[in-house]
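What follows is one structure encoded as structure tokens, with my remarks underneath.
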Amino acid sequence: MAEAASDWGLSTRCVHAGTFADTVAGGVNTPIFASSAFRVPGPLGHVVYPRYQNIPGQMAVARKIAALENAQAGIVVSSGMAAISSVFLAFCQNGDHVVLQRDLYGGTLGLAQKELPRRGIQVSWVDSQSIEDFEAALRPETRLIYVETPSNPLMKILDLKALAQLARSRGVLTVADNTFATPINQNPLDLGIDLVVHSGTKYLNGHSDLCCGAVVGRAELMAAVVPVVSLYGPSLSPYDCFLLERGLKTLALRMTRHNQNGMAVASFLARDSRVERVYYPGLAEHSDHAIAVGQMRGFGGMLSFEPKGNTETAQRVMKRFGLFQPAVSLGGVESLACFPAETSHASVPPAHREKMGIRDTLIRLSVGIEDTEDLLKDLDQALQEVL
Ligand SMILES: *Cc1c(COP(=O)(O)O)cnc(C)c1O
């Protein structure tokens, strides 16, 4: 198994970190070890079983992600939600209190609204990105703070270093969902966050053909997560591990392009008189641009905008897209577009949605790696619907 050299850059880690050596044929890739039964005693020196998170394919790809996030340890699981729910199950129990940012992925919102209370875990919500508001929400029994930055769909940025400092001083664990930024653009652990979760379904795999997730962090914390995952059972198959490992080899390359295209599309829309508002942390006029510059190396391919006009205008713009396909999900090589009000935030009452700043005209783009000019042309022709 290749250990990442500490001086390897991120692109080298993407390609080489974690690879499980093929000692039989000398292949340069981690083989697909398609076994659920392994001999005891075996060459790895421990009992090997997929649900225990220790078949070679799982270990290889988990080590690659851990190396990219500067984490001591990591695991891969069968979805982003499996990663997120496993963290709550591992660290929170009846009587505990948790603090969550309100701007969260819809599935995480649902988990905290429906599942955590059922287990006797009290939940408080923070409606802003202000560290003072997080501090005000803390109680003596607060166990964990959970955040996501950039947030969906308005790309708000939270100061991770300041949050981690506050939490440390109060003995509270911090968990950050790094799906939108990826380890290429941001490393929350380096800023003092305790655990990072990912929906690997998105940028990590990057080809919109796989559902998976990951948790990474200090060895001592991961030692509490792994037994929970083994008992609840969301393990990733050797075939999916292979796909994820293959996808990850080009993560740095893909993100460079997503960053370039994201910035080009955001700048184009920000200059266009047919556009009301653009939300992209890379734009100087974004409300949290200064924090973004301080903690991110690139701003990614996710952005949202409102064309001028009413809901019908926005619907017509969406229908007219060619390259931007109407689809939820994100982070793949192809460009996608959706209405958060109809998808991720459909269950939020319209009045509350409005208060959050998520209007019915808001279109979220996942900007892919196509030629920049082709994407701008597609947006330009779709915006002809704005009169
Ligand atoms: C998609 C997503 C998730 C959930 O991941 P799944 O792989 O769909 O379970 C969690 N967080 C964010 C930010 C996401 O975009």
Side-chain angles (χ1 to χ4, degrees), residues 61-62 65 69 74-89 100-116 129 146-158 160 174-186 188 193 195-216 229 232-237 240-241 243-244 247-248 251 255 258 262 279 281 296 299-304 327-332 334-340 343-348 358 364-368:
V61 72
I65 298 169
E69 287 285 17
I75 52 166
V76 285
V77 289
S78 56
S79 69
M81 285 313 301
I84 293 162
S85 55
S86 298
V87 166
F88 282 105
L89 287 169
L100 291 93
Q101 174 185 331
R102 177 94 61 182
D103 277 325
L104 287 180
Y105 175 73
T108 314
L109 270 181
L111 181 80
Q113 283 165 346
K114 297 184 190 131
E115 288 300 310
L116 299 187
Q129 266 59 26
Y146 185 99
V147 298
E148 199 175 300
T149 179
S151 74
N152 181 36
L154 298 177
M155 313 299 146
K156 292 185 188 157
I157 306 292
L158 183 96
L160 288 173
T174 44
V175 182
D177 182 332
N178 205 29
T179 301
F180 272 34
T182 81
I184 304 304
N185 284 340
Q186 170 174 283
I193 296 295
L195 286 163
V196 164
V197 292
H198 276 283
S199 170
T201 313
K202 316 294 168 53
Y203 285 111
L204 296 189
N205 178 60
H207 294 73
S208 306
D209 53 7
L210 170 62
C211 187
C212 59
V215 187
V216 299
V229 171
Y232 284 85
S235 67
L236 197 63
S237 83
D240 286 347
C241 289
L243 278 178
L244 176 56
L248 277 164
L251 178 67
M255 289 316 297
H258 284 296
Y279 301 90
M296 303 180 79
F299 306 107
M302 297 304 300
L303 62 99
S304 296
V328 291
S329 200
L330 60 106
E334 65 289 302
S335 292
L336 305 177
C338 71
F339 285 113
T343 55
S344 57
H345 290 71
S347 62
V348 181
I358 301 167
R364 189 191 76 182
L365 300 179
S366 173
V367 181

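Ligands are counted one by one from 1 in listed order, and the atoms in each one are counted from 1 as well. We use all heavy atoms of the structure for the numbers below, so side chains are in, but hydrogens, waters and symmetry mates are not.
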Any side-chain heavy atom of M81 sitting closer than 4.5 Å to one from Y105? yes
Side-chain contact test, heavy atoms from C-beta onward, threshold under 4.5 Å: evaluate it for N205 versus D240 and give yes or no. no
What residues form a side chain to side chain contact (heavy atoms under 4.5 Å, CB included) with A181, not counting sequence neighbours? P150, N178, N185, Q186, M296
Those residues that, when tested against D177, pass salt bridge (Lys or Arg N to Asp or Glu O under 4.0 Å) (two or more places apart): none
Results of salt bridge (Lys or Arg N to Asp or Glu O under 4.0 Å) for E115 - residues two or more places apart only: R118, R119
Report yes if the side chains of L330 and L336 come closer than 4.5 Å at any heavy-atom pair, otherwise no. no
Which protein residues have a heavy atom under 4.0 Å from ligand 1? S79, G80, M81, I84, Y105, E148, D177, T179, F180, S199, T201, K202, C211, C212, L330
